[in-house]
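In the text below, chain A, chain B and the rest are named by the order of the sequence lines, each starting its count at 1. This is a predicted model, so every value here is computed, not measured.
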Amino acid sequence: MIKHLLSSADLSRDAAINLLDIAETMAGVNDREIKKLPTLRGKTVVNLFFEDSTRTRISFELAAKRLSADVINFSAKGSSVSKGESLKDTAQTLEAMGADGVVIRHPASGAAYTLAHSGWINGAIVNAGDGTHEHPTQALLDAFTIRRRLHGLSATGKSLDGIKVAIVGDVLHSRVARSNLLLLNTLGAEVHLVAPPTLLPADASGWNAQIHYNLDEMLQQVKPDAVMMLRVQLERMNAAYFPSEREYARVWGFNADRLALLGAKSLLMHPGPMNRGLEISAAAADSPNSTVLEQVSNGVSIRMAVLYNLLSGERSIDNV
Amino acid sequence: MVARTVLTSDDIDRAVTRIAHEIIEANHGTENLVLLGIPTRGVVLASRIAEVIARNQPDFSPSNSIGRLDITMYRDDLAANPTRAVTETIEPDQGIDGRVVVLVDDVLYSGRTIRAALDALSDLGRPKVVRLAVLVDRGHRELPIRADFVGKNLPTSREERIQVKLVEVDGENGVVIES
Amino acid sequence: MSKFLLTNVSLLGDTPTSVLIEGQHIVAIGADAATVAENSKGAHSVEEIDCSGLIAVPGLVDLHTHLREPGFEASETVLTGTRSAAAGGFTAVHAMANTNPVADTAGVVEQVWSLGLAAGFADVAPVGAVTLGLEGKQLSEMAAMADSRAQVRVFSDDGKCVSDALLMRRALEYVKAFDGVVAQHAQEPRLTEGAQMNEGVVSAELGLTGWPAVAEESIIARDVLLAEHVGSRLHVCHLSTAGSVEIIRWAKARGINVTAEVTPHHLLLTDELARGYNAIYKVNPPLRTQSDVMALRAALVDGTIDIIATDHAPHTDESKDCEWSAAAFGMLGLEIAASVAHDVLIASGASNWHRFAEVLSHNPANIGRLTQQGQPLAVGSIANLAIIDPTERHEAVSTQSKSHNNPYVGLKVGGKVVHTIYRGYFTKRDGTVAATGRSHTAEDTVATAKEKSSK
């Protein structure tokens with residue numbers, strides 16, 4: 001088993017399917033009356049959040065608690081040396097307190113990798129979002145959601161071979177997009193990216209995906225099984241990535257017209273929180289195609305599976 | 001390494017049949033009975049026991065009365081080994097609340113597996129009563145746990161290894177002691 | 001006066017010969033040297049140093065170093081920086097102006113110059129800021145700096161770009177009055193806001209904001225045209241892209257008076273090193289791709305690029321031992337530059353020791369107008385030499401700098417500097433840097449000043 005979960009690229013196809021399967025078991029626990037397992041009793045999990053994020057933090061907290069782990073929530077704003085305690089000092093303090101696992105969300109890309117490989121800390125590191133780089137548990141819960149919608153109760157053991165997934169929006173700045181791209185490829189899916197040219201990386205030649213600028217054309221030609229909408233940050237408008245909210249919503253927003261182009265069985269996904277009316281219309285967000293709420297509950301099951309996987313076995317160099 | 005067979009295929013069949021009858025007798029019939037097998041071979045044995053019961057008691061419906069209980073998450077030795085794979089827990093249709101649950105496993109040794117199973121069971125629901133059926137009891141209990149229904153008592157030394165083989169899993173039937 | 005006889009030494013790869021050094025000068029070479037040494041054995045002792053198997057080049061001159069003093073002494077001082085220089089075979093360094101206070105007045109440059117003199121490990125030629133406080137708004141008093149005891153001839157806002165076209169034009173015009181040169185750090189600020197590493201395949205994967213090549217190239221393109229228009233000389237710092245090379249080549253073909261430098265790290269390392277987010281590899285301009293590296297090497301050999309300059313940028317441990325985006329930009333270079341240059345120019349077979357001497361000594365001394373440096377290895381020249389063992393492959397370590405941000409760590413390189421002779425004084429001997437520097441005499445201070453002002 002892996003020692004840390006820093007990137008979707010850390011997971012082989014088998015490891016990914018295994019995690020999704022464990023999550024099925026965890027989902028069963030989350031549906032019964034006693035939503036508790038003693039598995040991580042006595043372990044300490046620290047939520048080290050340098051960025052505001054109530055949802056993700058609560059999701060990890062719930063996951064850890066359902067496995068009977070002790071949870072510490074550590075919120076800090078910013079981390080550069082000039083602002084106060086450095087990432088290094090924070091990490092060493094946690095190590096001194098005996099953290100078995102650290103879930104880190106940080107505004108700097110690569111922060112989770114730095115934490116895991118610096119030698120400052122011995123515990124397992126879970127990347128809960130590092131800058132614009134990756135958010136692997138989001139990709140896992142997205143894959144889990146797609147798998148469940150497609151296969152229902154017989155989802156165990158299945159991959160996403162041949163499934164077509166479109167990711168729409170600010171791909172350039174999206175860690176959700178990067179993690180999903182990698183994981184979906186690993187699981188055999190076909191990935192399509194739709195965005196204004198300014199919100200795509202200057203050089204995406206290394207990426208295994210088809211690029212589109214036109215959302216309507218993509219929906220008509222590809223007929224995707226799932227469409228993932230990415231959140232738009234309004235600060236991007238000031239940096240001249242697109243001229244106005246109105247134009248963005250008109251050209252790349254998922255509105256009623258596009259909902260009509262979506263197959264009845266196709267999923268409409270969003271990692272949340274949503275800008276209703278901007279990247280996704282209210283009607284679309286509340287339609288039967290929408291998986292927004294399932295994604296939230298699946299998030300807990302996936303994070304339980306990840307924490308189980310990283311923290312329950314013996315921790316030796318052989319496990320790296 | 002020396003291996004000797006202590007139970008043949010026929011011996012196993014006879015033991016399973018006897019256990020099935022003992023269960024029916026102790027329960028005064030099959031009302032409210034649930035057999036929960038502990039993976040992997042306990043599940044096979046539960047199925048075989050259920051088959052025998054069904055042959056003798058026509059109104060005993062296996063689908064309503066068999067399940068499997070995965071105890072991986074409740075083990076007390078998780079930190080001492082590499083991360084273990086998890087399998088599914090499947091309850092019978094009507095659940096286990098208020099029912100007579102018979103846990104079924106192939107070998108009873110230290111008792112820790114059964115301890116874990118009891119914890120898993122209590123998080124699943126509240127049975128009326130819990131009993132234990134095992135094919136082989138090899139002694140060396142580390143916890144105060146005993147089986148209600150035993151196929152064969154096999155006193156062993158700690159250095160010996162017991163191998164239960166069932167055709168559904170291992171391709172052949174037999175119980176072998178390796179020393 | 002001290003006397004040294006270097007025996008069996010190969011000057012720039014030629015047949016081994018002898019070199020006699022007396023005081024600050026080379027007084028004899030070849031058979032003469034041996035004779036004179038023989039004759040003077042009675043009067044003053046001549047120390048003989050056997051340089052079998054070693055190559056002598058003129059003392060190296062760095063046009064681009066950060067000595068960090070005043071203001072950032074935690075990462076380096078003039079003393080430790082010039083000791084690093086001596087370790088690397090350098091006998092002169094140009095100290096960039098982004099200190100605190102900024103070197104934008106005669107007072108600060110004279111201070112830096114004095115510190116260099118007191119340390120005695122290399123000539124320190126301070127670089128003056130082009131704009132006050134490096135803010136890019138108003139020209140600094142460049143004439144005052146040129147007239148000062150530091151005799152500044154190179155002006156740069158390095159660290160920052162003089163991005164305002166009008167200001168750059170004025171600066172280029174103004175420095176003509178005292179034969180100065182503007183050394184531009186080419187980086188269009190609007191295209192590189194928040195940039196962390198080269199914009200490319202790797203940055204897309206790592207989620208780090210990209211520093212596109214065009215941000216460097218567009219400034220160079222503008223500046224060479226400005227230099228042509230006003231008839232001034234321009235120097236471009238740390239070229240890092242193939243596109244920049246093309247522009248310089250075009251400009252030179254047109255007769256534009258532009259010179260260009262490349263750092264050792266841009267000749268060797270690529271942006272693939274950013275994988276793993278180790279901020280040791282974070283530098284400005286960033287490491288680029290392998291095709292950029294190849295283009296820069298070819299340009300160094302064919303003359304499009306005139307010099308190697310280290311851009312030695314020491315940083316404290318805590319400003320590198322953190323997440324990438326919080327880390328400072330910069331790499332050490334003084335101690336390893338000669339070895340990297342040896343591997344790229346000599347060991348590869350691409351060029352020879354004459355070119356080595358040009359790019360690391362003659363040309364930078366010429367651009368900086370340092371008349372007492374970069375002199376040919378000839379009788380009468382000031383004795384500034386670096387003696388190199390071309391065969392010894394060694395660990396690329398940094399031993400003298402106060403800082404430890406060495407990007408070559410773990411690599412083995414050739415071209416080990418065995419001795420460094422600075423104005424006739426061994427600042428490095430048998431691989432060890434001297435405990436103290438050369439004590440300057442009043443005589444040579446005056447001589448230096450006179451030489452410069454007569455230019």
Side-chain angles (χ1 to χ4, degrees), chain A residues 1-5 11 14-15 17-44 63-64 66-69 100-101 123-124 153-157 301-302 304-320, chain B residues 34 36-40 42-43 63-64 66-99 101 103 110-128 130 142-143 145 169:
Chain A
M1 292 302 162
I2 51 174
K3 186 170 191 297
H4 305 292
L5 182 59
L11 299 169
D14 286 341
I17 294 179
N18 180 249
L19 271 176
L20 296 183
D21 292 344
I22 297 179
E24 290 284 347
T25 310
M26 299 301 188
V29 172
N30 290 332
D31 287 335
R32 69 185 194 192
E33 195 178 324
I34 300 192
K35 301 173 183 38
K36 201 83 164 170
L37 290 169
T39 325
L40 295 184
R41 196 171 70 96
K43 303 276 188 190
T44 303
R66 289 201 173 153
L67 290 169
S68 299
D100 297 290
L153 293 172
S154 53
T156 304
S301 307
I302 275 288
M304 286 170 76
V306 169
L307 289 173
Y308 168 71
N309 204 301
L310 292 182
L311 293 177
S312 70
E314 64 184 329
R315 298 193 59 74
S316 69
I317 26 173
D318 303 293
N319 274 6
V320 173
Chain B
V34 173
L36 279 187
I38 296 175
T40 314
V43 175
S63 68
N64 193 30
I66 308 190
R68 50 184 292 156
L69 183 66
D70 182 270
I71 53 121
T72 318
M73 298 289 175
Y74 293 84
R75 296 182 68 102
D76 63 5
D77 63 350
L78 285 173
N81 294 297
T83 307
R84 289 172 177 276
V86 176
T87 63
E88 268 188 284
T89 287
I90 302 178
E91 292 179 62
D93 297 339
Q94 286 170 4
I96 59 158
D97 284 338
R99 299 182 73 177
V101 171
L103 294 171
S110 66
R112 292 182 186 277
T113 303
I114 303 305
R115 197 262 339 139
L118 288 172
D119 281 349
L121 208 49
S122 68
D123 277 353
L124 217 49
R126 195 180 184 285
K128 181 165 149 204
V130 181
E142 290 170 13
L143 297 170
I145 288 190
V169 175

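Rounding to the nearest 0.5 Å gives a distance of 10.0 Å between CZ of Arg41(A) and CG of Asp76(B). If you take OG1 on Thr39(A) and CZ on Arg84(B), they are separated by 12.5 Å, rounding to the nearest 0.5 Å. To the nearest 0.5 Å, atoms CD (Glu33(A)) and CZ (Arg126(B)) are separated by 12.5 Å. The distance from the CG atom of Asp21(A) to the CD atom of Glu88(B) is 9.0 Å, given to the nearest 0.5 Å.
No donor-acceptor pair under 3.5 Å is formed between the side chain of Thr83(B) and the backbone N or O of Ser312(A).
Closest approach of Ile34(A) and Ser122(B) over heavy atoms only: CD1-O, 3.6 Å. Nearest heavy atoms, Tyr74(B) versus Lys36(A): OH-O, 3.6 Å. Shown here for Ala79(B) and Lys43(A), the closest heavy-atom pair between the two residues is CB-NZ, 4.3 Å.
Of the atoms belonging to Thr89(B), not a single heavy atom falls under 4.5 Å from chain A.
Within the 4.5 Å cutoff, the side chain of Asp123(B) has heavy atoms near those of the Arg32(A) side chain.
Between chain A and the residues Val86(B), Thr87(B), Thr72(B), Asp77(B), the largest count of heavy-atom pairs under 4.5 Å involves Val86(B).
When the shell of 6.0 Å around NZ of Lys128(B) is examined, it contains 12 or fewer heavy atoms from other residues, nucleotides or ligands. Atom CG of Leu153(A) has 12 or fewer heavy atoms from other residues, nucleotides or ligands within 6.0 Å.
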